[in-house]
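Notes follow the structure.
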Amino acid sequence: QALELRKAKWHGSVGGLVGAPIEKVWTIVSQSSRLPEWMPMVENYTNLAGEEGFLGYVRLVSGFMFPQDDGDRSWIKERLIFMDPSSFSYAYEMVLSNVGLDGSVNSLKLSDYGDGSTLVHWSFDINPIEGGCEDSIIDYLGFVYKSCISRIQGVIESAQESGRL
């Protein structure tokens, strides 16, 4: 029997404040249908299996999150592996993708920061990517997720103005 050595996952995290109450932020970030609003590079999502908000739910997210050599869209099939609305947190495993992030886990947690604001904490654990530079990939993912956090404020303001929140 050959013993396979597994490399440790690469880990990163980002956080940011959103000037809105935690319940409003949760309403935006916990619904797949809202993804294209606050994830700037996501164009589309498709429900593939299960029911949103319940363990085992699978969705396909596509867009231009990660540039492809052929200019094609990137896509990631994600499975919900943790969901706790009472603690305003969830985690998705990237099951399959065309961007090399298979097996990676993204976790999002909201914390009430007081004065009607919310701390958004996003962490990610990815399998090492052969030929990839750990620091560069972690920095890029941090940039992507930080830009998502920044957009949440505007989405909430627009939703309130249009009566969708």
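Keep in mind that what you see is a predicted model, and the values were worked out from it rather than measured.
A donor-acceptor pair under 3.5 Å links the side-chain atoms of Asp112 to the main chain of Gly114, judged by distance alone. Under the 3.5 Å distance criterion, the side-chain polar atoms of Lys109 are left unmatched by any main-chain donor or acceptor of Ser123. A donor-acceptor contact shorter than 3.5 Å is absent between the side chain of Ser158 and the backbone of Val155. Panel note: side chain Ser136, backbone Gly132; no donor-acceptor pair is recorded below 3.5 Å. Under the 3.5 Å distance criterion, the side-chain polar atoms of Glu52 are matched with a main-chain donor or acceptor of Ser32. Without hydrogens or angle criteria, Asn127 side chain to Asp102 main chain gives a donor-acceptor distance under 3.5 Å. Using modelled atom types, one side-chain atom of Thr118 and one backbone atom of Ala20 make a donor-acceptor pair closer than 3.5 Å. Side-chain atoms of Lys146 come within 3.5 Å of backbone N or O of Gly15 as a donor-acceptor pair.
The shortest distance between side-chain heavy atoms of Ile22 and Tyr113 does not fall below 4.5 Å. Using a 4.5 Å cut-off on side-chain heavy atoms (C-beta onward), Val29 and Val120 make no contact. Using a 4.5 Å cut-off on side-chain heavy atoms (C-beta onward), Leu55 and Ile81 make no contact. Within the 4.5 Å cutoff, the side chain of Trp75 has heavy atoms near those of the Leu60 side chain. In this structure the side chain of Glu93 never reaches within 4.5 angstrom of the side chain of Ser104, judged on heavy atoms. Counting only heavy atoms from C-beta outward, the side chains of Met41 and Val144 approach each other to under 4.5 Å. Residues Val95 and Val58 have side chains not in contact (no heavy-atom distance under 4.5 Å, counting atoms from C-beta outward). Side chains of Trp10 and Asp125 form no contact here, defined as non-hydrogen atoms less than 4.5 Å apart.
Hydrophobic clustering (ILVMFWY, side-chain heavy atoms < 4.5 Å, transitive): Leu108 and Val18 are in one cluster. Under the 4.5 Å side-chain heavy-atom criterion for grouping Ile, Leu, Val, Met, Phe, Trp and Tyr, Met39 is connected to Val61 within one hydrophobic cluster. Both Ile137 and Tyr145 are members of a single hydrophobic cluster when ILVMFWY side chains are connected at heavy-atom separations under 4.5 Å. Transitive grouping of hydrophobic side chains (ILVMFWY, heavy atoms separated by less than 4.5 Å) keeps Leu119 and Val14 in distinct clusters.
Heavy atoms of other residues, nucleotides or ligands lying less than 6.0 angstrom from CG of Asp84 number more than 12. Heavy-atom neighbours of Phe82 CZ from other residues, nucleotides or ligands within 6.0 Å: above the threshold of 12.
Residues Arg151 and Pro36 approach most closely at NH2-O, 4.2 Å, considering heavy atoms. When all heavy atoms of Lys9 and Gly103 are compared, the closest pair comes out as NZ-O, 2.7 Å.
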Stepwise, does the side-chain contact (heavy atoms from CB on, under 4.5 Å) test hold for Asn106 with Ile126? CA-CA 8 Å; Asn106 286 331; Ile126 66 172; 5.6 Å; no
Give the intermediate values and the outcome of side-chain contact (heavy atoms from CB on, under 4.5 Å) for residues Ile138 and Phe124. CA-CA 9 Å; Ile138 295 298; Phe124 46 95; 3.7 Å; yes
Mind running side-chain contact (heavy atoms from CB on, under 4.5 Å) on Trp122 and Ser107 for me, showing each step along the way? CA-CA 6 Å; Trp122 205 324; Ser107 303; 5.9 Å; no
Run Lys24 and Gln160 through side-chain contact (heavy atoms from CB on, under 4.5 Å) and show every step you take. CA-CA 10 Å; Lys24 289 186 178 183; Gln160 287 176 314; 2.4 Å; yes
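Rounding to the nearest 0.5 angstrom, the gap separating the CD1 atom in Ile149 from the NE2 atom in His121 is 8.5 Å. Atom OH of Tyr140 is separated from atom CZ of Phe143 by 7.5 Å, given to the nearest 0.5 angstrom. Here CD1 of Ile156 is found 10.5 Å from CH2 of Trp38. Values are rounded to the nearest 0.5 Å. For the atom pair Ser117 OG and Leu17 CG, the distance stands at 5.5 Å (nearest 0.5 Å). Rounded to the nearest 0.5 angstrom, Leu110 CG and Phe88 CZ are separated by 7.5 Å.
Among Glu78, Arg59, Lys77, the single residue meeting the side-chain contact (heavy atoms from CB on, under 4.5 Å) criterion with Leu48 is Lys77.
The aromatic rings of Tyr92 and Tyr90 sit perpendicular to each other, their planes meeting at more than 60°, with 30° as the lower class boundary.
For Asn98 and Ser74, the side-chain atoms include no donor-acceptor pair closer than 3.5 Å.
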